[in-house]
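Before any comments, here is the structure.
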Amino acid sequence: MNVLGIESSCDETGVALVSSLGNGVPRLRAHALHTQVQMHQAYGGVVPELASRDHIRRVLPLAREVLAQAGSTLDEVDVVAFTRGPGLAGALLVGAGVACALAAALGRPTLGVHHLEGHLLSPFLSADPPEFPFVALLVSGGHTQLMRVDAVGSYELLGETIDDAAGEAFDKSAKLLGLGYPGGPALARLATQGRADAYALPRPLLHSGDLDFSFAGLKTAVLTQHRKLGPEPTAAQVADLAASTQAAIVEVLVKKALNALKTAGLKRLVVSGGVGANAELRRQLDEAAARRGWRVHYPELALCTDNGAMIALAAAMRLAAGASQATKDYAFDVRPRWPLAEIS
Ligand code: KG4
Ligand code: ZN
């Protein structure tokens with residue numbers, strides 16, 4: 001079965017073709033991505049209306065590119081999958097509208113996919129795919145959640161952020177340090193040149209005893225520290241503050257992820273979402289897991305942030321598991337707010 005997947009929930013247009021073979025193992029045939037980062041940079045963040053307009057321009061050329069790369073054609077597409085939510089309403093409508101129009105023209109069914117389920121399952125496309133059950137640490141620009149995953153569609157929320165997401169903490173701190181948008185990768189890069197113990201920043205809820213997170217207070221602490229450095233901090237001071245900020249975020253993520261594994265009685269962790277690309281997070285998780293004989297699985301680096309491959313994959317896996325059925329009613333709707341726990 002060949003699934004064409006379309007992702008358009010935020011500032012990346014992604015299209016991919018995934019084939020599930022007879023044994024149920026999904027294979028990524030091709031994927032293509034257009035990031036709007038440059039376009040939104042001038043505004044310091046994502047402008048939803050501009051995002052929607054750009055998705056419209058990009059999605060069909062990307063679909064053509066993917067089919068050509070895969071040596072395939074539209075005729076060979078069995079199902080068209082799209083991100084149904086959560087995300088920006090207008091941006092989601094572009095992907096959903098194009099997917100349904102394309103599927104209707106081809107006489108093929110569609111399937112709306114949960115964006116976070118895409119992130120969660122994305123390590124199944126890696127060279128070292130996980131096995132069920134596992135604990136998932138989902139860390140993106142909009143979400144920070146720990147889930148127990150027993151099978152496709154079986155997602156139990158163990159803990160989540162009560163305010164900002166981890167990616168938001170990276171982005172907002174980076175903005176305060178003058179690193180622009182999106183700040184996560186820029187802050188991580190600068191952090192490699194700084195000392196992580198230079199400034200004592202708070203580790204919110206580190207000892208709360210539960211699996212929840214809170215990152216809103218951290219950016220205030222970063223702002224206060226930045227102001228203390230005066231109007232013209234040295235490059236070394238800013239690098240130290242970046243390293244200290246990253247250390248605070250990473251320490252909390254690692255501690256809570258390990259606690260979640262203990263609570264769930266599991267030895268396998270899957271990390272996904274944009275922040276899962278963070279090298280320091282990966283280093284600390286790998287080290288902590290190796291000490292205990294546990295395993296950590298990640299998506300390929302290119303599939304950590306938003307992409308079409310994870311949407312095609314999630315659809316293929318749901319269909320293979322019998323968790324969803326693709327339909328031909330083409331009466332799409334989108335779910336800008338959509339708790340993952342609502343799907344099964
Ligand atoms: O999963 P994603 O692409 O989009 C959402 O669904 O939100 O995640 C984007 C987030 C942004 O906050 C970005 O700054 C962060 O992931 N991010 C990183 C890194 N790469 C991306 N944060 C820290 N270190 C990185 N290397
Ligand atoms: Zn995402």
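FYI, side chains are in, hydrogens and waters are out, and symmetry mates aren't considered; it's all heavy atoms of this structure. In each ligand, atom 1 is the first atom listed, and ligand 1 is the first ligand listed.
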**Asked** Is Gly183 close to ligand 1, meaning an N/O of one under 3.5 Å from an N/O of the other?
**Response** no
**Prompt:** What atoms in ligand 1 come closer than 4.0 Å to a heavy atom of Gly142?
**Reply:** 7 (O)
**Glu168 N/O to ligand 1 N/O under 3.5 Å** = no
**Asked** Among protein heavy atoms, which sits nearest to atom 10 (C) of ligand 1, and what does the distance come to when rounded to 0.1 Å?
**Response** Gly141 N, 3.5 Å
**Message:** Just to be sure I read this right, does ligand 1 sit under 4.0 Å from the backbone of Asp171, its side chain, both, or neither, counting only heavy atoms?
**Reply:** side chain
**Side-chain H-bond candidate by donor/acceptor type, Thr13 with His55, under 3.5 Å** = yes
**Message:** The criterion is salt bridge (Lys or Arg N to Asp or Glu O under 4.0 Å); which residues satisfy it with Arg29, sequence neighbours excluded?
**Reply:** none
**Complete:** Residues pairing under side chain to side chain donor-acceptor pair (under 3.5 Å) where one sits in residues 132-144, two or more places apart or in two chains, turn out to be none
**Message:** Keeping Glu7 on the side-chain end and Ser9 on the backbone end, is there a donor-acceptor pair under 3.5 Å?
**Reply:** yes
**Whether over 12 other heavy atoms sit under 6.0 Å from Glu342 CD** = yes
**Item:** Residue and atom names of protein N/O/S atoms that fall under 2.8 Å from the Zn ion (ligand 2)
**Value:** His115 NE2, His119 NE2, Asp306 OD1
**Item:** Contact check: Gly274 vs ligand 1, nitrogen or oxygen atoms, below 3.5 angstrom
**Value:** yes
**Prompt:** With a 4.0 Å cut-off on heavy atoms, is His115 touching ligand 1?
**Reply:** yes
**Message:** Suppose we measure from atom 23 (C) of ligand 1 to each protein heavy atom; which comes out shortest, and what is that distance?
**Reply:** Asn278 ND2, 3.5 Å
**Request:** Decide, yes or no, whether a salt bridge links Arg335 with Asp333 under the criterion of side-chain N to carboxylate O below 4.0 Å.
**Result:** no
**Message:** Quick check on contacts: which atoms of ligand 1 are under 4.0 angstrom from a heavy atom of Thr305?
**Reply:** 3 (O)
**Message:** Tell me the protein heavy atom at minimum distance from atom 22 (N) of ligand 1, and give that distance in Å.
**Reply:** Gly184 CA, 3.6 Å
**Asked** Where does His119 meet ligand 1, judged by heavy-atom distances below 4.0 Å: at the side chain, the backbone, both, or neither?
**Response** side chain
**Message:** Can you see whether Glu12 engages Thr35 through a side-chain donor-acceptor pair at a distance of less than 3.5 angstrom?
**Reply:** yes
**Prompt:** By number and element, which atoms of ligand 1 are closer than 4.0 Å to a non-hydrogen atom of Gly167?
**Reply:** 12 (O)
**Prompt:** Below 4.0 angstrom, N of the basic side chain to O of the carboxylate: do Asp210 and Lys256 qualify?
**Reply:** yes
**Message:** Just to confirm my output: which protein heavy-atom neighbour is closest to atom 2 (P) of ligand 1, and how far is it?
**Reply:** Asp306 OD1, 3.4 Å
**Request:** Check whether more than 12 heavy atoms from other residues, nucleotides or ligands sit under 6.0 Å from atom CZ of Arg292, and answer yes or no.
**Result:** yes
**Request:** May I have the step-by-step check of side chain to side chain contact (heavy atoms under 4.5 Å, CB included) for Leu93 and Phe332, ending in yes or no?
**Result:** CA-CA 9 Å; Leu93 281 168; Phe332 62 91; 3.8 Å; yes
**Asked** In terms of side-chain heavy atoms, does Ser154 have a donor or acceptor partner in Glu156 at a distance below 3.5 Å?
**Response** no
**Prompt:** Restricting to pairs with a member in residues 170-183, which pass side chain to side chain donor-acceptor pair (under 3.5 Å), not counting sequence neighbours?
**Reply:** Asp11-Tyr181, Asp164-Lys172, Glu168-Lys172
